[in-house]
Amino acid sequence: MVIIADPYRWQSPGNGRLFDSSLEDWENNLMSQRAIGVLEFIEENPLIEKNEFEMKIAPYLDKKFGHDPNDSNKGHFFRSAEFVGLVRNLDGLLSLSIDGKNFLNSMLDGDYEAALEFYVLQLLKTTYPNNATDQNRLSLFPFRILFKLLSRHNNYGGKIPKKMFYTDIPYITKFSDIDSVKAKLHNDKYLNFLENNSLKVLQDKCPNFYPKWATWVMSSLNVMNIVEMSGNRGKESFTLASPINDFIEGIVDNMYFEDMFFESSNDLGEVKNNIRCKPRNPQVIQAVLEESDYKCFFNEKHITFPSNTRKNYVEGHHVIPVSL
């Protein structure tokens with residue numbers, strides 16, 4: 001089946017899943033090894049040009065993991081990580097974001113619970129448009145929408161048929177589409193239609209049909225234990241996986257669907273920082289600075305300067321952004 005790019009649907013980046021296993025099992029899975037190897041390579045080679053990355057990444061992965069070089073597009077190796085914000089691509093220069101460093105450090109330290117939370121936070125910050133899906137013309141936060149629809153606190157319990165991730169979810173483009181999706185989740189006739197027809201039939205009968213979001217994105221979230229799938233073959237449904245569901249719902253239940261859509265880059269700035277009464281405690285920041293001996297978390301040799309109140313001027317930042 002040839003899939004023609006549609007700029008007005010949720011696109012999936014690269015040529016496959018970022019992780020093909022749980023984070024705990026990454027060392028035993030080729031795709032997951034590649035994901036971590038790519039992050040390590042970019043960490044060791046900050047601000048590397050995209051063309052140089054594409055020349056050097058295969059020998060690096062071969063030496064590190066014994067991965068045989070192949071003819072696939074090496075640009076796809078970092079696209080999924082770029083999509084979720086672990087990798088930055090500034091005018092063709094690749095580097096890890098701070099969140100990417102947090103994620104990688106947690107993975108290499110074996111703190112997989114923290115790594116999974118960092119990954120979820122990146123998903124929640126992911127938007128269309130996005131450099132990794134440059135053909136996309138939407139203006140929304142896909143994973144905020146997805147996770148809020150999957151929250152157990154919806155009146156349908158957050159359980160969504162897998163087939164809706166072929167026919168409906170990737171075609172949410174505006175706020176009013178949320179009501180349409182919710183209505184279908186309460187429409188027994190529509191749910192029976194999905195349940196009783198194969199994907200091939202749905203492709204022919206439905207005006208919208210896109211397989212990659214389900215087979216790449218949802219499948220990856222499933223093996224990573226961010227969502228879980230249940231039900232008999234052809235009748236599967238997705239829910240948020242335990243225990244990460246508590247973490248996700250603690251964030252998205254305080255969000256509003258209308259804040260997940262925007263019209264322009266200016267509107268994006270207002271939406272993503274739409275803080276609703278979040279008090280901040282300066283004593284927490286001071287305690288963190290004292291514990292770190294006023295040194296940068298990522299680079300203790302980072303050049304700075306003394307101030308009137310601090311022997312070394314650094315600032316405190318939230319691990320979970322206040323906007324979330």
Would you say [Y] ends up clustered with [X] if hydrophobic residues are merged whenever their side chains have heavy atoms under 4.5 Å apart, either directly or through other cluster members?
X	Y	answer
L108	L61	yes
I285	Y294	yes
Y156	L146	yes
L93	L86	no
I178	Y8	yes

So, using salt bridge (Lys or Arg N to Asp or Glu O under 4.0 Å) as the criterion, who are the partners of [X] when residues are at least two apart?
X	result
E54	K50
D246	R152
K101	none

Would you indicate whether the side-chain heavy atoms of [Y] and [X] approach each other to under 4.5 Å?
X	Y	answer
D25	S32	no
V87	L39	yes
N89	F78	yes
I169	M218	no
E82	L94	no
F83	L18	no
F65	Y60	no
F209	L199	yes

In Å, rounded to the nearest 0.5 Å, how long is the span from [atom1] of [X] to [atom2] of [Y]?
X	Y	atom1	atom2	value
D259	L140	CG	CG	13.0 Å
M260	F175	CE	CZ	10.0 Å
E249	H153	CD	NE2	5.0 Å
L150	I160	CG	CD1	4.0 Å
Q135	D6	CD	CG	10.0 Å
N102	M107	CG	CE	13.5 Å

Checklist entry - Under the side-chain contact (heavy atoms from CB on, under 4.5 Å) criterion, do N225 and I244 qualify, and how do the steps go? => result CA-CA 8 Å; N225 299 317; I244 195 67; over 6 Å; no

Checklist entry - Closest heavy-atom contact between N136 and R9? => result ND2-O, 2.7 Å

Checklist entry - Any idea which heavy atoms bring S237 and P161 closest together, and the distance? => result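 Heavy-atom minimum between the residues: OG-CA, 3.7 Å.
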
Next on the checklist: Looking at E290, I want to see if its CD is surrounded by more than 12 non-hydrogen atoms of other residues, nucleotides or ligands under 6.0 Å.
Outcome noted: yes

Do [X] and [Y] meet the criterion of a side-chain donor-acceptor pair at a distance under 3.5 Å?
X	Y	value
Y190	D168	yes
S151	D253	yes
Y210	S12	yes
Q203	K200	no

Next on the checklist: Just checking F77 against F53, ring centres under 6.0 Å apart?
Outcome noted: no

Checklist entry - Would a line drawn from the ring center of F143 to the ring center of W213 be shorter than 6.0 Å? => result yes

Checklist entry - Taking it one step at a time, do K182 and D179 satisfy salt bridge (charged side-chain N to carboxylate O under 4.0 Å, His left out)? => result CA-CA 5 Å; K182 287 183 174 180; D179 287 336; 5.3 Å; no

Item to check | Donor-acceptor contact present, side-chain N192 to main-chain D188, <3.5 Å | outcome: yes

Next on the checklist: Whether the side chain of S180 engages the backbone of S176 through a donor-acceptor N/O pair (distance < 3.5 Å, no angle test) should be reported.
Outcome noted: no

Next on the checklist: Would Q11 and L138 count as a side-chain contact (heavy atoms from CB on, under 4.5 Å) here? Give the steps.
Outcome noted: CA-CA 10 Å; Q11 295 176 5; L138 299 177; over 6 Å; no

Checklist entry - Is the Lys NZ or Arg CZ of K148 less than 6.0 Å from the centre of F257's six-membered ring, within 45° of the axis? => result yes

Item to check | Parallel, tilted or perpendicular: ring planes of F103 versus Y119, cut at 30 and 60 degrees | outcome: tilted

